[in-house]
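Below: one structure, written as structure tokens.
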Amino acid sequence: MADLIRVSTLWPPVRPRSIDLDATTHGLLEAVGVIREADLAGSFALMPLGVLIRDRIEAIIRRSFVEHGFGAIMLPVLQSRAIWESSGRWQTYADQEALFRVVGRGEEATACLGPTSEEISVVTVASDLVSHRDLPVRLYQSTSKFRNELSPRGGLLRAREFEMADAYTFDADRAGMLAAVEALNAACQSALSRMGLPGVQRIPADGGDISKAPSTEHVVRSELGQSQFVECPACAYRADPEVAVAAFPHPDRHPAADAGAQTVKVMAFGCVRAGEELVVSVVIRGDLQVSLRKVVEILEASSVRALSEAEFRASFSVEPHTLNPAIALSASDEVLFDTSVADLRDFTTVSSATGLIHGANWGEGPLLDQVIPEHPVAVHAADAGLWCGRCGEARFEVHRAIELGHVFELGDRYSTPMGLRFVDREGRDSAPLMACSGIGVGRCLQTLADAFRDERGLNWPAEVAPAQVHMIVAARGEEPERDAMRLQGVLAANGISTLLDDRDVSLGERFRYAWALGLPHHVVVSSRTREGVYEHTDRTTGLSQDVAESELLKILKGDS
């Protein structure tokens, strides 16, 4: 049986004429009673309608993961400092001030509110994992996460407390891990598609602090998005700018677009590789940025960071803005020449003694006579206007996007430092290889609201709407009320949920709220109901028609 929801019982109360149809999407969600911002910036309460939408989204995600072999669990949000220190991430997140640290008995923080669950998933599996016969492991959950965002904004798109539907896998070998990654991607794609989200795209991405291995984002294009991806209009290649590779044709064929593209700069980083601290310099075109993701991959490093000014001066004995390729070669542990500078000629660079040098060329002059960019590597972040590195036929375009899901190859990033072991088929002591994924439940809710809103308000897809029918009683008295309740009973028996606007306000105000809230169907019970006729309106098309009850059921069951 499907529930009946009465508007009069909702909290917060729906106020007459309080809905601004020009508000931001999260403002409109607040106005119709789906969410409420709490007392802490970046923290939101889901109200009764919001919980109904959230439940339908989570049920879709769970169904998709269960179909791909995942078992549902619920891991603790309160996690010990010890397990985060064992993975090496406590200090990393603390330095970024991203952790909500918890002080228990004593003066020092002994726990945190988990921003993610890799560590606690390892601990949970460890007590029962003995041999390869216990693998693979496929686990799924949906719980709150906490990240101390410096600037929470955009409503549910970037909050300090948010719900994440995440999954964790453990496998005996790389082939198993890659199969798990594909299952995670398939489950994410299935879940987002079932919600009715249009234009979901899979793009190679940067795993950030979770993993230095390859990852995949599931995104939708949106000007509200806080992520970006580059796209080639010729071959449709798409990727995160940190991952995408541009082509740099010979400058005689494709002259530089601006002066910045004819300069060479050197950027220096601190790198940890096999436990050793290295100073790494990157020689790159002046208008480009370095992709730390690519530096990590090329050097097989565990971490890369910018040098502090003090570290810079100690390493090179010059000021940061005067570092040139010659000094970098003489004072760095590693020097990477980006592909953007390999064929560059007559460029501008710096000399610590004389300032700028114009018309410079590799292997020429007193500064660069010993500097040749041998074995250049792609270490740049892609950007708009650069030539596509896949086809070379068009320049990249940059699009804003909302990241809804992310899948990570973890390998032994967590299992090895945290001591998670099993006995493999050959009897050897081994670390399982992991993968994980996350889908932002709140992000999906707000993205769906934004994707389908129009000039009259929200317009929920049937798959996630808090109810399928918005029923309005257009006539006063006991008979229309009985007619409405009888129809609701018929609908419930057919699995169709109903929101009944039983408020003592004008009919116009109830219609206005129905359009603003945006349930898939509006049904009006009026004096004609005694004749077996109902007015039905399709919220998406705006088409209204008088229909008999049998026809109404056929229409509604198409969405139920």
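Throughout, residue positions are numbered sequentially from 1 according to the sequence presented. Everything numeric here is computed off the predicted structure, so don't read it as measured data. All values below come from the heavy atoms of this structure, side chains included, with hydrogens, waters and symmetry mates left out.
The distance from the SG atom of Cys188 to the NE2 atom of His68 is 9.5 Å, given to the nearest 0.5 Å. Put simply, CG on Asp502 and CZ on Arg6 are 5.0 Å apart, with the number rounded to the nearest 0.5 Å. Atom NE2 in His406 sits 12.5 Å away from atom CD1 in Ile439 (nearest 0.5 Å). Note that CG of Asp171 is 11.0 Å distant from CG of Leu410, once rounded to the nearest 0.5 Å. Here Thr216 contributes atom OG1 and Glu182 contributes atom CD; the two are 8.5 Å apart, rounded to the nearest 0.5 Å. To the nearest 0.5 angstrom, Leu197 atom CG is 6.0 Å from Leu192 atom CG.
Under the 4.5 Å side-chain criterion, counting only non-hydrogen atoms from C-beta, Ile120 is in contact with Pro76. In this structure the side chain of Val219 reaches within 4.5 angstrom of the side chain of Phe229, judged on heavy atoms. You'll find the side chain of Gln79 stays beyond 4.5 Å of the side chain of Val123, heavy atoms only. Between Tyr140 and Ile73 there is no side-chain heavy-atom pair separated by less than 4.5 Å. Pro214 is not listed as a side-chain neighbour of Pro204, based on a closest heavy-atom distance of 4.5 Å or more. Within the 4.5 Å cutoff, the side chain of Val490 has heavy atoms near those of the Leu553 side chain. Here the side chains of Leu178 and Glu409 are in contact, with some heavy-atom distance below 4.5 Å.
Using a distance-only test at 3.5 Å, with no hydrogens or angles considered, a donor-acceptor pair links the side chain of Ser193 to the main chain of Gln189. Of the possible donor and acceptor atoms, none in the side chain of Arg56 sits under 3.5 Å from a partner among the backbone N and O of Pro466. With hydrogens and angles ignored, the 3.5 Å screen pairs a side-chain donor or acceptor of Arg160 with a backbone N or O of Glu149. Side-chain atoms of Lys145 never come within 3.5 Å of backbone atoms of Gly440 as a donor-acceptor pair (strictly under, hydrogens ignored). When atom types are taken as modelled, the side chain of Thr541 and the backbone of Leu543 share a donor-acceptor pair closer than 3.5 angstrom. Distance alone, capped at 3.5 Å, places no donor-acceptor pair between the Glu397 side chain and the Glu231 backbone. Side chain of Ser190 to main chain of Ala186: no donor-acceptor pair is present (N/O by atom type, distance under 3.5 Å, no hydrogens or angles). Ser340 places no side-chain N or O within donor-acceptor distance of the main-chain N or O of Ile284, the cut-off being under 3.5 Å. For the pair Trp460 (side chain) and Arg453 (backbone), a donor-acceptor distance under 3.5 Å is absent. A donor-acceptor contact shorter than 3.5 Å is absent between the side chain of Arg138 and the backbone of Gly71.
In this structure, Phe146 and Phe100 have perpendicular ring planes: the angle between them is above 60°, well past the 30° mark. Using cut-offs of 30° and 60° for the angle between ring planes, the His522 and Trp515 rings count as perpendicular.
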Table please: side-chain donor-acceptor pairs of residues 32-52 below 3.5 Å, with sequence neighbours left out.
{"residue": "Arg36", "atom": "NH1", "partner": "Glu30", "partner atom": "O", "Å": "2.4"}

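Figure legend: cation-pi geometry between Arg503 and Tyr513, with NZ or CZ positioned under 6.0 Å from the six-membered ring centre and within 45° of its axis.
The two residues Met164 and Asp166 make their nearest non-hydrogen contact at O-OD1, 3.4 Å. What you find for Ala435 and Met177 is that their closest heavy atoms are CB-CG, 4.3 Å. Scanning all heavy atoms of the two residues, the minimum distance from Ala165 to Ile61 falls at CB-CG2, 3.8 Å. Leu75 and Thr143 make their closest contact through O-CG2, 4.2 Å (heavy atoms, listed as atom of the first residue, atom of the second, distance). Shortest non-hydrogen contact noted between Leu224 and Leu157 is O-CD1, 3.8 Å. Across every non-hydrogen atom of Phe396 and Trp387, the tightest pair is CE1-O, 3.9 Å.
With no hydrogens or angles considered, a side-chain donor-acceptor pair links Glu119 and Ser87 at under 3.5 Å. Side chain to side chain, Gln91 and Asp95 meet the donor-acceptor criterion of an N or O pair below 3.5 Å. Under 3.5 Å, the side chains of Arg89 and Tyr414 contain a donor-acceptor pair of N or O atoms. Residues Ser222 and Arg400 bring no donor and acceptor atom of their side chains to less than 3.5 Å of each other. For the residue pair Ser497 and Gln468, no side-chain donor N or O sits within less than 3.5 Å of a side-chain acceptor on the partner. No donor-acceptor contact under 3.5 angstrom links the side chains of His218 and Arg202, judged on distance only. The closest side-chain donor-acceptor pair between Thr537 and His521, if any, does not fall under 3.5 angstrom. A side-chain donor from one of Ser117 and Gln141 sits under 3.5 Å from a side-chain acceptor of the other.
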*Decide yes or no on side chain to side chain contact (heavy atoms under 4.5 Å, CB included) for Phe269 and Val290, but give the supporting numbers first.*
CA-CA 10 Å; Phe269 303 90; Val290 174; 4.0 Å; yes
_salt bridge (Lys or Arg N to Asp or Glu O under 4.0 Å) assessment of Asp383 paired with Arg395_ = CA-CA 9 Å; Asp383 203 353; Arg395 296 179 186 268; over 6 Å; no
*Candidate pair Val469 and Leu499, rule side chain to side chain contact (heavy atoms under 4.5 Å, CB included), full reasoning*: CA-CA 6 Å; Val469 173; Leu499 176 72; over 6 Å; no
*Give the C-alpha distance, both sets of side-chain angles, the deciding distance and a yes or no for side-chain hydrogen bond (donor to acceptor under 3.5 Å, both in side chains) between Arg62 and Ser142.*
CA-CA 8 Å; Arg62 177 177 294 204; Ser142 186; over 6 Å; no
*Passes side chain to side chain contact (heavy atoms under 4.5 Å, CB included), Met471 versus Val525? Steps please.*
CA-CA 7 Å; Met471 189 182 297; Val525 177; 4.0 Å; yes
*Show the numbers, then the answer: is there a side chain to side chain contact (heavy atoms under 4.5 Å, CB included) between Ile83 and Met418?*
CA-CA 8 Å; Ile83 65 171; Met418 295 184 70; 4.0 Å; yes
_Before you tell me yes or no, could you show the steps for Glu163 and Ser144 under side-chain hydrogen bond (donor to acceptor under 3.5 Å, both in side chains), namely the whole-Å CA-CA distance, both residues' side-chain angles and the distance that decides it to 0.1 Å?_
CA-CA 4 Å; Glu163 185 175 356; Ser144 292; over 6 Å; no
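Scored by the side chain to side chain donor-acceptor pair (under 3.5 Å) test, Arg456 finds no partners at all (sequence neighbours excluded).
At a threshold of 4.0 Å, the pair Arg174-Asp412 does not count as salt-bridged, since none of the basic side-chain nitrogens sits closer than that to a carboxylate oxygen.
Taking the six-membered ring wherever Trp is involved, the centroid distance between the rings of Phe70 and Phe65 falls below 6.0 Å.
Put simply, the residue from Glu463, Glu58, Glu67 that forms a salt bridge (Lys or Arg N to Asp or Glu O under 4.0 Å) with Arg194 is Glu67.
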